[in-house]
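Below is one structure, written out as C-alpha cells; comments come after it.
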Amino acid sequence: MIKSLGLNETERLVRDSVTDCVSDIAGAGGTARAQGHGALSSLAKLGVLAAPLSENLGGMGEGLGTAMLVLEPLGRKALVTPYVEKICVPAAVAEFYPGHEDLRKHLESAANAGPGAVMAWVEAGRGWNRIPKSTTARREADAWRLEGRKSLVRWGDQAAAFIVTSKVDDEPALFLVAADLEGVEIKSYPSGDGRVMSDIVFHNVQLPNNSRMDDGNARQVIEYALDAGSALSLAEAVGLMDGSLEMTVDYLKTREQFGTALSKMQVLQHRLVEMYASTECAWSLAHEAASSLARDVPPKSRACAVSRAKAYIGRMGRFVGQEALQMHGAIGMTEEYPLGRYLQRLTAIDLDYGDSDWHLSRLSNVMQEID
Amino acid sequence: MERLDSILNSHDAIAFRDRVKRLLVDHLPKHIRIQVEQEKMDLSKEDQRTWHKILRAHGLACPSWPVEYGGPGLADHELYILEREFALGGAPRPMIYGVTMLGPALIAHGTPEQQQRFLPGILEGDTFWCQGFSETNAGSDLASLKCAVRREGDEYVINGHKMWTSEGHIADWMFGIFRTDSSGRKQQGITFLLLDMRSPGVSVQPIQTFDGTGIEINQVFFDNVRVPVDQRIGDEGAGWDIAKSVLTAERFGNAEVSRSIASLERLKDYCRATSLDGRPLIQDPIIARRLVELEISLQAVEQTELRFLFHAGDELGAEAALLKLRGTEVQNAILAAATDLRGPSASLLLDEDHPGASAEYTSASHALKAHMNYRKTMIYGGSSEVQRNILAKGALGL
Ligand SMILES: Cc1cc2nc3c(=O)[nH]c(=O)nc-3n(C[C@H](O)[C@H](O)[C@H](O)COP(=O)(O)OP(=O)(O)OC[C@H]3O[C@@H](n4cnc5c(N)ncnc54)[C@H](O)[C@@H]3O)c2cc1C
C-alpha cells in the first residue's frame, strides 16, 4: 500500500520482474523453507540474485543497496530465504577483497541458488557483540589453526563455507573456512520463521595459508558487512509490513460482523492508518539505510543510518504484524492462513543483527561522543 | 487508608495460603509443573485430569462451587489466594470448560436431574467438556450464529458447524448454543444444549495454529446429530442469557494477573541467571527499566482487581471488562520481553524432543511459542475491541 517506492526506471523493472517471478510460488503452498528455496531457484534463473554484486560478478554494479529490489518483494510474500546471509553479507566482505578467488566462487554459487558462504560471528554469552573474543586462530608453519565456536549461524546448515570472525594476537581477523574441513562440527536448529541456525565448533581446524582474508582491517570489514546485513534485512521487513497491511485491509473489507463490513468501523480504520503511516516511514528509513552502504559514506554516518532504521523498523514491523493479527481475529492464529508467517518473520528480523535495544544503545553511544 | 489486599493477610487467610502451598510442594507432579513454567497453556487431557484428581482428593477441585454440589465452599478471598498460589507454584489452570464455565451454569440454570447427571463427571474430572459457541461467521457478533436445530419429538436435530472449538479433539461432551428459531431478534431463538461428542454425525476437524504449539482449536461439524430434549439447559430460545452468564463467569480470572506475576518472576530469575559479556542481564539499566515498567503495569491491574473484588460492593458492572483488556495486554508484554531478552537465540522454535538442544535453546523456544500463542488471549473470551465497546457503553454511558 506504499504509494511510491521512489525507484528509477531500471530499478522498477528489476523489482517488477522479481515480483512477477515470486508471486506464483507464494500461492502454491508447501513449507516456508520449500517456498523460499523455490523462490531463490526461480530468481537465479531470472539472473536477478546477483543484482547487488559488482558487474564482473553479473551484478548491476550499483552497490549493495540494489538488494532491496529483491528483498522487498520477497518480504511482501513472506518468502524466507538466505538472500541477506549468502549474497548481501558476503558481497559486503567482497567489496574489500575483490581479488579473493574462493569468496568470489561462493558468491557465484549463491547467485545461482547454490550453497554459498555465510558469516559466522555470534559467540555464546556475548549477545550481538561483533568483535570476536573466544574464537582464535594462530599460525602454524605455513598454515593456520582455528579454535572456538560460533552460535546459531543463520543458514549455517546449507553453506559450503563460513566467513569466520576470529582473533589473531588479540586483533580481529577474518577467515574463509570450508564447511567440510576436518574438525568442523555443525549442529542445526530450526527457527520460528522457517530458517535453520547452526552451532559450529572449530576443533583446532587446520586452514590453508590463504584462508585469512583480511590485511589487518577486519574490524572495519566486520562492521560494514554486519551493517549491510542489518540494513538490507529491513527491505524485507518493509515488504512484510506492507504485505500484512494489505492482507488486513482486504480481509476487513470482506469480513462482516454486526451487519457491516469491519472495514467500515472507524476505530479499525484508524488502526489500519497507523499501520500504513508506520510502513511508509519504515520504507524511507530502510531506503536511507541501504543507500548509506555506498562506500564513500563515512562509517559513523552509515552506522547511524543503519541503526536508526533497524531500531525503528524492528519495532514498527512487530507492531504492524501484531495489529494485523489482532484485527484478523481467530483466523489469523491458524497455520493455514499466511499471516502468522509474516508475524514470525517480522519478529525474527527485529531480533537479528542486533535487536532494537542494541541499535538504540549504539546510537546513544554515538550521540554521547563529543564531535 | 486500608491496604487493598488486607483481606488476604488475616490469620485465617495466611493459614489457608500455607495449606495450598504445602499441597503444591507435596503433590504437584514435576512433569506438569515444568510445562506450566514453560508457559504451556494447553496441557494434555491426561495431565489435566491427573492434576484435577489430585485436587479432588484434597477437597479443592471445582473451587468456586458451593458445598452442596461438591465444591469446597471457599470464600472469595480464599479463591483469590488459591488462584495466586497455583500460578506461583506452577499448577495448571483449572479444566476451564467444565469446571469454570459449565458447572456454575448448570448450578444456576440446570434442573436437579441435569445437575445430578452432569456435575459429578466434572467434579471427578472424568468428563472433558468443550465450548461450542463461535462459528465461522459468528465471532464477535456471536448472536448472529446459524448452526441450526429442529425439534423432532423428544429430540433436537443439529445441522451445521462450530468453529474454533478449543479442546474439541479431546472433549467427551460439548455445551453449545444453537439456533432453534430465526424469526425474531437474533438474540432470541438461541438454545443451550449439551451433547455427547460421540453422537453419530459429529465430526471434528483439528486446526493447526501458526505458533508451533500443536493442536488446540477445531472445527466441529454436525450432520443430523440427535440430542435428547432433556439435554437442553433452560427453556427453548432462552440460551443467549445462559451463554452470556457462561462468558462472564470468569469475570476476573481471565485477566490472568496471577499467571502474569509468575511469568514476570520467571523472567526476572532468567535475567539474574543469564549474563551478557560477563554481566547479569538484570544489571543492564535498559533491561532493568523494562522489567520495572512491566511490573508497574501489572501492579496497576492487580490493585484494580483487588479493589473491584473486595472493595466495590455489588455495584460492579461493565468496569470488570477493563481487567481483561489491561490484563491480557500486560501478559503479552511480559511474554514478548521473555523472547526479546534471549539475544541471538530468540527465534529458535524446536520440537519438544529436539536432539541435543541445550536448556538455553529449549527455553528460548518455549518463550517464542508462548509469545506467539498468547496473542490469542486478546482475541478470545471477548476480544480487546469488544471489551472496549463494553466499557464505552457500560462504564462511560456512550
Ligand atoms: C485460540 C482460540 C481458541 C478459541 N476457543 C474457542 C472455544 O473453545 N469456543 C468458542 O466458541 N470460541 C472459541 N474461540 C473463538 C473466539 O471466541 C473468537 O475468535 C472471538 O469471538 C472473535 O471472533 P472472530 O475470531 O470471528 O473475529 P471477528 O469477530 O471477525 O473480529 C475481527 C477483528 O475485528 C474486531 N471487531 C469485531 N467487531 C468489532 C466492533 N464492533 N468494534 C471494533 N472492533 C471489532 C475484533 O475485535 C477483531 O480484532 C477461540 C479463539 C481462539 C483464537
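Proteins get letters first, then strands, A, B, ... in listed order; numbering begins at 1 in each.
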Check whether [X] gets within reach of chain B through its side chain, its backbone, both or neither, counting any heavy atom under 4.5 Å.
| X | result |
| --- | --- |
| Met333(A) | both |
| Asp357(A) | side chain |
| Arg271(A) | side chain |
| Thr347(A) | side chain |
| Ser188(A) | backbone |
| Asp199(A) | side chain |
| Ser356(A) | neither |
| Leu339(A) | neither |

Identify the heavy atoms of [X] and [Y] that sit nearest to each other, and give their distance.
| X | Y | value |
| --- | --- | --- |
| Leu268(A) | Glu385(B) | CD2-CG, 4.4 Å |
| Pro190(A) | Leu350(B) | CD-CD2, 3.6 Å |
| Ser361(A) | Ile286(B) | OG-CD1, 3.6 Å |
| Asp141(B) | Gly259(A) | OD2-N, 4.2 Å |
| Gly127(A) | Pro344(B) | O-CG, 3.4 Å |
| Asn137(B) | Arg255(A) | OD1-NH1, 3.6 Å |

Worked verdict on Leu276(B) versus Trp128(A) for side-chain contact (heavy atoms from CB on, under 4.5 Å): CA-CA 9 Å; Leu276(B) 184 60; Trp128(A) 300 107; over 6 Å; no
Please rank [options] by heavy-atom pairs under 4.5 Å with chain B and give me the top one.
| options | value |
| --- | --- |
| Ile331(A), Leu360(A), Asp352(A) | Ile331(A) |
| Gln322(A), Glu256(A), Arg154(A), Lys187(A) | Gln322(A) |
| Gly354(A), Gly125(A), Ala124(A) | Gly125(A) |
| Asp355(A), Asp350(A), Leu325(A) | Leu325(A) |
| Arg195(A), Met197(A), Met327(A), Lys133(A) | Met197(A) |
| Tyr189(A), Tyr337(A), Tyr353(A) | Tyr189(A) |

Residues, nucleotides or ligands: over 12 heavy atoms within 6.0 Å of Arg326(B) CZ: no
Interchain contact, [X] with chain A, by part (heavy-atom threshold 4.5 Å):
| X | value |
| --- | --- |
| Ser140(B) | both |
| Thr274(B) | neither |
| Arg342(B) | neither |
| Tyr361(B) | side chain |
| Ala357(B) | both |
| Ile207(B) | side chain |

Any heavy-atom pair between the side chains of [Y] and [X] that's under 4.5 Å?
| X | Y | result |
| --- | --- | --- |
| Leu152(A) | Ser345(B) | yes |
| Arg375(B) | Gln326(A) | no |
| Leu351(A) | Asp340(B) | yes |
| Leu368(B) | Gln344(A) | yes |

Distance, nearest 0.5 Å, that separates CD1 of Ile131(A) from CG of Asp277(B): 11.0 Å
Approximate separation, where rounding is to 0.5 Å, of Thr334(A) OG1 and Gln219(B) CD: 11.0 Å
Counting heavy-atom pairs closer than 4.5 Å to chain A, which one of [options] comes out on top?
| options | answer |
| --- | --- |
| Ser144(B), Ala364(B), Gly343(B), Ser347(B) | Ser347(B) |
| Glu216(B), Arg290(B), His354(B), Lys376(B) | His354(B) |
| Met163(B), Met378(B), Arg388(B) | Met378(B) |
| Thr136(B), Asn373(B), Thr209(B), Asp351(B) | Thr209(B) |

Side-chain donor or acceptor of Glu336(A) paired with backbone N/O of Phe210(B) under 3.5 Å: no
